[in-house]
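Every value quoted in this text rests on a predicted model; they were computed, and no experiment measured them. To find a chain, count down the sequence lines: A is the first, B the second, and so on, and within it residues start at 1.
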Number of protein chains: 2
Amino acid sequence: MAYASGAAIGQAVASITPAKARIVSAAAGLFAEHGVGGTSLQMIADAIGVTKAAVYHQYKSKDEIVVAVARAELARVETVLDAAAASGPEQARAALLTGMVDLAIERRRMESTLTGDPVLNRAFSVDEHFRQVMDRLYRGLVGQDSTAEARMAAAMLTAAIGGAVMHPLAQDLNDDVLRSQLVRLGRRFLELPD
Amino acid sequence: MAYASGAAIGQAVASITPAKARIVSAAAGLFAEHGVGGTSLQMIADAIGVTKAAVYHQYKSKDEIVVAVARAELARVETVLDAAAASGPEQARAALLTGMVDLAIERRRMESTLTGDPVLNRAFSVDEHFRQVMDRLYRGLVGQDSTAEARMAAAMLTAAIGGAVMHPLAQDLNDDVLRSQLVRLGRRFLELPD
DNA sequence: GTCTATACGCGGATAGAC
DNA sequence: GTCTATCCGCGTATAGAC
């Protein structure tokens, strides 16, 4: 399959009908569990109790569903960025850290797919809007300077958060413990005071 | 597909014939690029220039190939652990850190699949031998205590290293810069002296 | 160890009725 | 919006010759 040009990811969120929303929601969960490649339209259809044809009536291809899921997830990151920006320049970094931690915990299962799935990643990596959002995120975390060290710190921090929530070692920790530890330890990457 | 019980992953490394080694090597590369679900036996066969049937002669199912790949990768982690242990208790943590960094850089492209692929992850997470190796790894990194914080620190550090090497922000850094930054920031995270 | 040939089901995708 | 029915290709897997 060709998997859509990432350009579509960044488009304005089209009017989402309830039927489409159900599909995107179900698809997101299945992608998280089986990966994009391991999720069939039949599985998505079954999950919401309709036939494949009904799914196809909403989205012309699996590709479009992938894009819709990616777009929805990206929107959540933007929400965090906006909220952090609104909290003022002083607390922006800390707010960004806690916001990203919350987001990662919320979608715990999903996280690995979002950051690791080859299909999703390829779609994302060529998408301009996605890059802009990520750029905002990294700048918010490490500041304006684009030294190798600053970039690596941001890379490691986001990878650490995303990877830790679904890590086997963290499986038996409840969300609250997980959150507090992630925020606390995450500060070490940013060299923020405890 | 049923995907093998993880138990098989931990079995002693069977005598690996050259034919099997070629398959495992090709499969590992393809898994990294397309994910496990996105990789067909036809792709593996094509990659090494034989037919599907020839592949099936070596491994009775795709499942077995997945297990073999996982086992091979786990063995590399064990090698790092053994080397670190041999370096003496004083330098063990630092040696472990640099060893894991080297390993991650070596398989840069591969890393996301290893840590993120749902199929691989599920096979791993129920595998006893895998857990033992990971236990050794995180004990080596954060010490004997099994507090939530220690476990989270180990999870975050391994995720950070694995995730950072394939991170968009690190894409334009050469291996040497990447290595030194990872070790430096990793040490800071572990609160080891510079 | 590798091949050709083949079975069988599932995946994505479409047509047309309700 | 959803259905039934159908198409086609590819995926896994097996049999048997060389």
Quick one: does [X]'s side chain have a donor or acceptor within less than 3.5 Å of a partner on [Y]'s backbone?
X	Y	answer
A:S25	A:R22	no
A:R108	A:V165	yes
A:K52	A:S40	no

Between atom [atom1] in [X] and atom [atom2] in [N], what is the gap in whole Å?
X	N	atom1	atom2	value
A:K20	D:dT2	NZ	C1'	16 Å
B:Y59	D:dT12	OH	C1'	17 Å
B:I44	D:dG11	CD1	C1'	12 Å
B:I23	C:dG1	CD1	P	9 Å
B:M43	D:dT12	CE	C1'	15 Å
B:L41	C:dG11	CG	P	16 Å
A:Y56	C:dA15	OH	P	13 Å
B:K60	D:dA15	NZ	C1'	17 Å

Return yes if the base of C:dG12 and the side-chain atoms of A:K52 contain a donor-acceptor N/O pair under 3.5 Å, otherwise no. yes

Kindly say if [X] contacts the phosphate of [N], meaning a side-chain N or O under 4.0 Å from OP1 or OP2.
X	N	answer
A:Q58	D:dG1	yes
A:S61	C:dG12	no
A:S40	C:dG11	yes
B:T51	C:dC3	yes

Where the side chain of [X] is concerned, which of [options] is the nearest nucleotide?
X	options	value
B:T17	C:dA13, C:dG1, C:dC3	C:dG1
A:H57	D:dT2, C:dC3, C:dG1	D:dT2
A:A53	C:dT2, C:dA15, D:dT2	C:dA15
B:V50	C:dT2, C:dG11, D:dC3	C:dT2
B:K62	C:dG11, C:dT14, D:dT12	D:dT12

For residues B:Y138 and A:H167, is any side-chain donor paired with an opposing acceptor at under 3.5 Å? no

What I want to find out is whether B:D194 reaches B:R187 closely enough, with some N-O distance under 4.0 Å, to be called a salt bridge. no

